[in-house]
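Every heavy atom of this structure was used, including side-chain atoms; hydrogens, water molecules and symmetry mates were not. All chains are named by letter (A, B, ...) in the order of the sequence lines, taking the proteins before the strands, and each is independently numbered beginning at 1.
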Amino acid sequence: MSKKERTAIQPTREENYAEWFQQVVRAADLAENSEVRGCMVIKPWGYAIWENIQKALNEMFRETGHRNAYFPIFIPKSYFEKEAEHVEGFAKECAVVTHSKLEEDGKGGLKPAGELTEAYIVRPTSETIIGASFAKWVNSYRDLPLLINQWANVVRWEMRTRLFLRTTEFLWQEGHTVHETSEEAMEETLQMLEVYARFASEFLAIPVIKGEKTEGEKFPGAVNTYSIEAMMQDKKALQSGTSHFLGQNFATASGIRFQNREGEFQHAWTTSWGVSTRLIGALIMAHSDDDGLVLPPKIAPSHIAIVPIYRDDAEREVVMAMANRIVESFKGARIDDVRVYTELDNRDLTSSERNWYWIKKGIPLRIEIGPRDVASNSVMIARRDLGPREKQSVEMENVVDYCLKTLGEIQKNIYERALKFRQENTVKIDSKDEFYAFYTPKNAEQPEIHGGFALSHWCGCPDCEEKIKDDLKVTIRCIPFNQDEEDGNCINCGAQSKRRVVFAKSY
RNA sequence: CGGGAUGUAGCGCAGUCCGGUUAGCGCGCUCGGUUCGGGACCGAGAAGUCGGAGGUUCAAAUCCUCUCAUCCCGACCA
C-alpha cells in the first residue's frame, strides 16, 4: 500500500463506521469525552457549528413570531408528576437534586446535607416548568398565541452514550407555544416541522423526510409527534428534529386556562418542538468522508484556509504579502446572509501538514500560495467536497468571485450527494421475505452498513410494529406526509393497508 | 441492572503467565538545527503514586485478598 492511498481517518467508513465517526470527531477537534461520565466537552470548532445553528434558527424563529426566554434548570418533582404519561416516559432517566449543601464527613471528604423538602429534577425537557409560568401569563384569548423559545441544556441519564448522538447532558432549543384552538396549535406544530425541514436542507444540506410518529414512538404526553428523519451514510435513520402537538394535556396538567371569546374559561392548546446538538452528529454522518469532516459552507465556522508555502525569508515575504492581500479581499464577503471567514495558517509546519489539518476539520475551501503562484499571480484552490489533490489554479483578481461562487456550489453539491444517497438506499418492499432479507447483513464480518429505508405497508397496529422491532431492530421512523393513498398489505400480518410508512434501523 | 474485558508517561501499547539491575516502545510535547507544492528529518530533553488499599516476600507492575473506575455486549432513549 503506497502512502498516497492512505486516508486521513482510520478506519474508513467501510471498515468500521462507529469508530470512523469517533475518529472524525477527534480529528476535526469538535468535542471530546469529559471526565464526567456520559458528558461531552464541546471544543471551539464544534461549538462554533452550534452557534451557527443557533444563529440561523433564531432568525427563522423570529420570522415566525417566536421570542427567546429562559426558565429554570430545576423542576420541582410535584410539577413533573402532573402529567402521567410524561412521568412514565422520563422517570427512568432523571437526575434528581435532593440536597442543598455539603458538610465535612469527618473522613477528609464531604457529604450532602440540608435535604430539600421537595426534590428537584434536572430538566430532561421543560413542558411542566414552562407550563407553570404560562399558566400565570395566560388569562384571556387576547394573550394568545404565546410563542416562546428557550435555548438550554438538558439532562437525560442515558445508559450508553456517543458524542453528539446521545449524551447525558446536551444542548438544545425547545419551543413552547400556547394557542386558542386545536386547529391553530396543530398548524403551529406543522409549521415548525416545516421550519426544521427547511433549516436541515438549506443550512445543513441534509435532505429529510417529514412525517408523523407512531403511537409507540411519540413524545410522552403528546397527542401527536412529528419528526424529520435523515439518512446517515451507514443507511440508518437519525431523528433530527421533533414537533409535538400536545393537545390540552399539558394545559390541563399545568392549569393553562383562559377566558375565550364567549367569556368562558377553557384550557389552552399547546405545542413543543426541538432540535439538539445531535444535529452536529447528523452533519458529520451525512457528509463526512474518509479524510474527515465535510462541512456545508452555510454552517461552517470558517470557510477558507489560506496556506502559504515558502522556503526562506525572501519567499516568505512575497508569499505572505499575497496571502494578506487575499485575507483583506474577503473582508465583508458573504454567501447569502452568512459571513465568509478565512484562516491564514502560517504555522511553522510543513505545508502538507497544514493542508491535512484543514481537510480533517472540513473547511470548505483551501487556498495554497507558493512562490510559483506569486510568479504567475494566481493561487491554487481546493474544494473539500472533491478529492484532496484536485486543485484549481485561479488568477488573483478572480479569487473572491471564484470562492464565493464555489462555496455556493459546495453547499448544493453536498446536499445533492446526500439526497442521491438516500434515494439509492430507499426501496419499496412488499414481501415479508424480501423485507427480512433487506435488513439482514450480507457480510457477517462487517455487518454495520446494510439496509436502508424501506417503504412498506403497515396495518397500523402496535403489535406488528413491535414484532419487526424485536426481530430486526427495525422501527417505523415515520408515517410520511405527501403520499398518495395506495392499497396494500401490512408487511408483517398481511392485513389491508392504505399507506406506506418508512422503516429503518435508527440511532 | 445482567454477561465479558481492561486499568503502566498527555495518547496508544509492551512487560504480568514464570517476582530480581535504573519499568520500556511508538506517537505527542520542549529546545536546537536542517526542511517546506501532498501527512519531513537529525540531535538533545522533560515527563510514571505501574487505578487504589491491604497482604505474602530479602525483593512486587508481576503472586493473593478487597476495592474503585472505565470500555464492550444485552433491556431503554433526541
Side-chain angles (χ1 to χ4, degrees), chain A residues 2-10 18-19 22-23 26-27 32-38 88-94 124-125 153-162 164-174 196 213 216-220 222 225 227-230 237-244 272-282 291-292 307-313 315-316 319 345-360 366-376 378-380 382 387-391 393 469-470 473 475 477 506-507:
Chain A
S2 71
K3 252 187 173 177
K4 280 174 190 161
E5 291 175 56
R6 176 183 156 198
T7 55
I9 302 298
Q10 284 167 335
E19 179 63 20
Q22 302 215 78
Q23 293 305 327
R26 180 147 70 151
E32 61 191 26
N33 277 306
S34 158
E35 298 298 303
V36 182
R37 184 195 165 86
E88 204 188 318
F90 286 107
K92 284 166 288 179
E93 47 185 12
C94 285
T125 180
N153 58 335
V154 287
V155 168
R156 297 182 188 175
W157 214 267
E158 300 288 353
M159 291 284 112
R160 296 192 55 205
T161 59
R162 273 180 94 183
F164 291 117
L165 299 175
R166 174 164 299 109
T167 47
T168 297
E169 180 190 22
F170 58 97
L171 306 182
W172 79 347
Q173 146 285 308
E174 48 181 326
Y196 288 155
K213 286 292 188 183
E217 297 272 331
K218 76 176 171 60
F219 177 75
T225 288
S227 75
I228 52 171
E229 301 283 334
L238 184 76
Q239 179 176 307
S240 307
T242 50
S243 187
H244 315 292
S272 68
W273 27 275
V275 296
S276 72
T277 37
R278 181 178 243 202
L279 285 177
I280 298 174
D291 286 325
V307 179
I309 300 161
Y310 42 77
R311 277 164 299 196
D312 52 41
D313 286 350
E315 284 182 357
R316 182 192 149 91
V319 167
D345 186 357
N346 65 337
R347 290 176 297 169
D348 188 20
L349 298 168
T350 63
S351 57
S352 56
E353 207 164 335
R354 285 176 284 153
N355 274 323
W356 282 106
Y357 173 87
W358 291 107
I359 291 171
K360 288 184 281 192
R366 290 184 343 269
I367 299 180
E368 296 178 29
I369 311 169
R372 293 206 294 267
D373 302 305
V374 174
S376 66
S378 64
V379 295
M380 297 303 287
R389 286 174 188 78
E390 291 179 51
K391 285 182 280 191
S393 178
K469 186 178 177 183
D470 288 348
K473 288 181 189 159
T475 51
R477 297 324 304 153
S506 72
Y507 280 93

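- In this structure, CG of A:Asp348 is placed 11 Å from P of B:U30, rounded to the nearest angstrom.
- B:G48 is unpaired under the Watson-Crick or G-U wobble criterion, no partner having all donor-acceptor distances under 3.5 Å.
- Nucleotide B:A69 has B:U6 as its partner under the Watson-Crick or G-U criteria, with both atom distances under 3.5 Å.
- B:A69 and B:G51 have their C1' atoms separated by 7 Å, given to the nearest Å.
- Taking atom C1' on both B:G48 and B:G4, the two are 29 Å apart, rounded to the nearest angstrom.
- Rounded to an integer number of Å, the gap from A:Tyr357 OH to B:G28 P is 16 Å.
- If you take CD of A:Glu32 and P of B:G10, they are 15 Å apart, rounded to a whole angstrom.
- Taking the six-membered ring where tryptophan is involved, the planes of A:Tyr196 and A:Trp273 are perpendicular, since the angle between them exceeds 60° and thus also 30°.
- With rounding to whole Å, A:Glu315 atom CD is found 11 Å from B:G37 atom C1'.
- Side-chain atoms of A:Pro371 and A:Arg311, non-hydrogen and from C-beta on, do get closer than 4.5 Å to each other.
- When heavy atoms are screened at a 4.0 angstrom cut-off, A:Arg366 is found touching base atoms of the nucleic acid.
- Cation-pi geometry between A:Arg347 and A:Tyr357 is met: under 6.0 angstrom from the ring centre, within 45 degrees of the axis.
- Taking atom C1' in both B:C63 and B:A59, one finds a spacing of 13 Å when rounded to whole Å.
- For A:Glu368, counting side-chain heavy atoms from C-beta on, the closest listed nucleotide (B:A78, B:C36, B:G38) is B:G38.
- Heavy-atom neighbours of A:Arg162 CZ from other residues, nucleotides or ligands within 6.0 Å: above the threshold of 12.
- We find that CD1 of A:Ile280 is positioned 14 Å from C1' of B:A78, with the value rounded to whole Å.
- If you check every strand for non-hydrogen atoms under 4.0 Å, A:Glu353 touches sugar and phosphate atoms only.
- Listed pair A:Lys469 / B:C76 fails the phosphate criterion, with no side-chain N or O lying under 4.0 Å from OP1 or OP2.
- For A:Ala8, taking side-chain heavy atoms from C-beta onward, the closest of the listed nucleotides B:G37, B:G39, B:G38 is B:G39.
- B:G20 and B:C58 make up a base pair, with Watson-Crick or G-U wobble contacts both under 3.5 Å.
- When rounded to the nearest whole Å, the span between CZ of A:Arg162 and P of B:A78 equals 16 Å.
- Counting any heavy atom pair closer than 4.0 Å across all strands shown, A:Ser506 reaches no nucleic acid atom.
- When distances run from any side-chain atom of A:Arg389 to the nucleotides B:G38, B:G37, B:C36, the shortest one goes to B:G38.
- Of the listed nucleotides (B:G39, B:A78, B:C36), B:C36 has the atom at the smallest distance from the side chain of A:Arg354.
- Note on A:Ile228: nothing from the nucleic acid sits closer than 4.0 angstrom, heavy atoms only.
- Per the geometry, NZ belonging to A:Lys92 stands 8 Å off P belonging to B:C76, to the nearest Å.
- In this structure, of B:G38, B:G37, B:C76, it is B:G38 that holds the atom nearest to the side chain of A:Lys391.
- Nucleic acid contact class of A:Leu349 (heavy atoms, under 4.0 Å, all strands): base.
- Both A:Glu217 and A:Ser351 lie close to RNA chain B; mapped to their nearest nucleotides by heavy-atom distance, the more 5′-ward contact belongs to A:Ser351.
- A heavy-atom distance below 4.5 Å is not found between the side chains of A:Gln10 and A:Glu19.
- In the set B:G38, B:A78, B:C36, the nucleotide with an atom closest to the side chain of A:Ile309 is B:C36.
- Between the P atoms of B:U49 and B:C11, the separation comes to 12 Å (whole Å).
- Within the structure, a side-chain polar atom (N or O) of A:Thr350 is placed less than 4.0 Å from OP1 or OP2 of B:A40.
- A salt bridge does not link A:Arg354 to A:Glu368: none of the charged side-chain nitrogens sits closer than 4.0 Å to a carboxylate oxygen.
- Ring stacking holds between A:Phe170 and B:A78, with the centres under 5.5 Å apart and the planes within 30 degrees of each other.
- Base-pair partner of B:C76: not found among the strands shown (Watson-Crick or G-U wobble, both distances under 3.5 Å).
- Comparing the same atom, P, in B:C13 and in B:C71 gives a spacing of 14 Å after rounding to whole Å.
- Here A:Tyr310 lies in heavy-atom contact (under 4.0 Å) with a base.
- Comparing B:G74, B:G38, B:G37 by their closest approach to the side chain of A:Trp356 singles out B:G38.
- Projected onto RNA chain B by closest heavy-atom contact, A:Met380 and A:Gly241 fall at different nucleotides, the more 5' of which corresponds to A:Met380.
- Of the C1' atoms belonging to B:C73 and B:A78, the separation is 24 Å, rounded to the nearest Å.
- Within 6.0 Å of CH2 in A:Trp172 there are more than 12 heavy atoms belonging to other residues, nucleotides or ligands.
- Closest to the side chain of A:Lys360, out of B:U35, B:A78, B:G39, is B:G39.
- Side chain of A:Asp373, nearest nucleotide from B:G37, B:A78, B:C76: B:G37.
- Distance A:Glu19 CD to B:C73 P: 12 Å, rounded to the nearest Å.
- For B:G26, the paired base is B:C11 (Watson-Crick or G-U wobble, both distances below 3.5 Å).
- OP1 or OP2 of B:A78 has not a single side-chain nitrogen or oxygen of A:Ser227 nearer than 4.0 Å.
- A 3.5 Å limit on both hydrogen-bonding distances identifies B:C42 as the Watson-Crick or G-U partner of B:G32.
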Test A:Thr475 against A:Arg477 for side-chain hydrogen bond (donor to acceptor under 3.5 Å, both in side chains), laying out the working first.
-> CA-CA 6 Å; A:Thr475 51; A:Arg477 297 324 304 153; 2.6 Å; yes
